[in-house]
Amino acid sequence: MLVLASEEGAAVGFKLGYRRSREEFYSWLGGVHPEHRRRGIAEELMRRQHAWCAEAGYREITTETLGDNAPMLILNLRSGFEVVGMRVDERGTKVLLRRRL
């Protein structure tokens, strides 16, 4: 499932995810062009993705982000996610998050 934000016909942000199970949706990737950040675009993309997930019958959304990505951690926590774990890979420490719908 893809949610796209555009301005004057140009893409400025996106949110992409997929089904992990009948009840779990995984919010995989997202981003906002640097020139368009701090305008609420990521928050609106997340809101729309979560609304679609609720309508589609999912019971939870899971995601992960790098531990040093403070803006994404803050957005996730403000949006109702809870930290459910951590793991380390070649990119660094990942924070695992879950939001129940």
Side-chain angles (χ1 to χ4, degrees):
M1 186 270 189
L2 171 67
V3 183
L4 187 63
S6 63
E7 187 173 282
E8 297 179 12
V12 297
F14 73 98
K15 195 82 172 140
L16 182 65
Y18 57 88
R19 175 187 172 140
R20 274 198 169 160
S21 72
R22 194 176 65 135
E23 295 187 350
E24 180 191 357
F25 183 85
Y26 184 72
S27 183
W28 179 40
L29 290 172
V32 175
H33 188 281
E35 293 177 13
H36 297 274
R37 291 183 182 157
R38 303 192 59 84
R39 294 178 29 204
I41 294 170
E43 187 173 6
E44 179 62 17
L45 289 167
M46 182 181 288
R47 187 194 68 71
R48 290 179 185 217
Q49 182 185 67
H50 293 187
W52 179 88
C53 287
E55 289 176 18
Y58 290 102
R59 298 209 184 268
E60 70 179 26
I61 301 172
T62 56
T63 193
E64 63 184 20
T65 190
L66 288 168
D68 63 355
N69 188 349
M72 197 66 222
L73 282 168
I74 291 166
L75 176 59
N76 281 314
L77 293 171
R78 281 190 7 225
S79 298
F81 281 89
E82 62 180 317
V83 174
V84 294
M86 298 178 82
R87 70 180 181 90
V88 177
D89 68 13
E90 66 280 350
R91 292 186 63 204
T93 302
K94 302 262 182 103
V95 179
L96 312 175
L97 301 124
R98 175 181 60 213
R99 178 178 182 222
R100 296 191 191 277
L101 295 175

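Hydrogens, waters and symmetry mates play no part in the numbers below; they use all other heavy atoms, side chains included.
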Query raised in the report: Judged by atom type as modelled, is there a donor-acceptor pair below 3.5 Å linking the side chain of Ser27 to the main-chain atoms of Thr63?
Result: no
Query raised in the report: Shared ILVMFWY cluster between Val32 and Met72, side chains joined below 4.5 angstrom?
Result: yes
Query raised in the report: In the single-linkage hydrophobic clustering (I, L, V, M, F, W, Y; side-chain heavy atoms under 4.5 Å), do Trp28 and Leu2 co-cluster?
Result: yes
Query raised in the report: Shared ILVMFWY cluster between Leu29 and Leu4, side chains joined below 4.5 angstrom?
Result: yes
Query raised in the report: Should His50 and Phe25 count as side-chain neighbours, where that means a heavy-atom distance under 4.5 Å?
Result: no
Requested in this report: Decide whether Ile61 and Leu75 are clustered together by the hydrophobic rule: side chain heavy atoms of Ile, Leu, Val, Met, Phe, Trp, Tyr closer than 4.5 Å, transitively.
Outcome: yes
**Report entry** Heavy-atom closest contact (Gln49 atom, Leu16 atom, distance)
**Finding:** NE2-C, 3.9 Å
Query raised in the report: Going by heavy atoms in the side chains, are Val83 and Leu77 under 4.5 Å from each other?
Result: yes
Report task. Keeping the roles fixed (side chain from Arg99, backbone from Ser79), state whether a donor-acceptor pair exists under 3.5 Å. Result -> yes
Query raised in the report: How long is the span from the OG1 atom in Thr62 to the CD atom in Glu24, to the nearest 0.5 Å?
Result: 3.5 Å
Query raised in the report: Do Glu64 and Val95 have side-chain heavy atoms sitting under 4.5 Å apart?
Result: no
**Report entry** Check ion pair Arg48-Glu44 (N to O, under 4.0 angstrom)
**Finding:** yes
Query raised in the report: Does atom CZ of Arg91 have more than 12 heavy-atom neighbours from other groups under 6.0 Å away?
Result: no
Query raised in the report: In terms of the angle between their ring planes, are Tyr26 and Tyr18 parallel, tilted or perpendicular, with boundaries placed at 30° and 60°?
Result: tilted
Query raised in the report: With hydrophobic residues grouped by side-chain heavy-atom distances under 4.5 Å, do Phe14 and Val3 end up in a single group?
Result: no
Query raised in the report: Any side-chain heavy atom of Phe81 within less than 4.5 Å of one from Leu73?
Result: no
Query raised in the report: Just how far is it from atom CZ of Arg47 to atom NZ of Lys15, taken to the nearest 0.5 Å?
Result: 14.0 Å
Query raised in the report: At what distance, to the nearest 0.5 angstrom, does OG of Ser21 lie from CD of Glu60?
Result: 7.0 Å
Query raised in the report: Gly13 and Leu45: which non-hydrogen atoms are nearest, and at how many Å?
Result: C-CD1, 3.8 Å
Query raised in the report: How far apart are the closest heavy atoms of Glu35 and Arg39, and which atoms are they?
Result: O-NH1, 4.5 Å
Report task. Calculate, to the nearest 0.5 Å, the distance between atoms CZ and CZ belonging to Arg59 and Arg22 respectively. Result -> 7.5 Å
**Report entry** Gap separating the CE atom of Met1 from the CZ atom of Arg19, nearest 0.5 angstrom
**Finding:** 14.5 Å
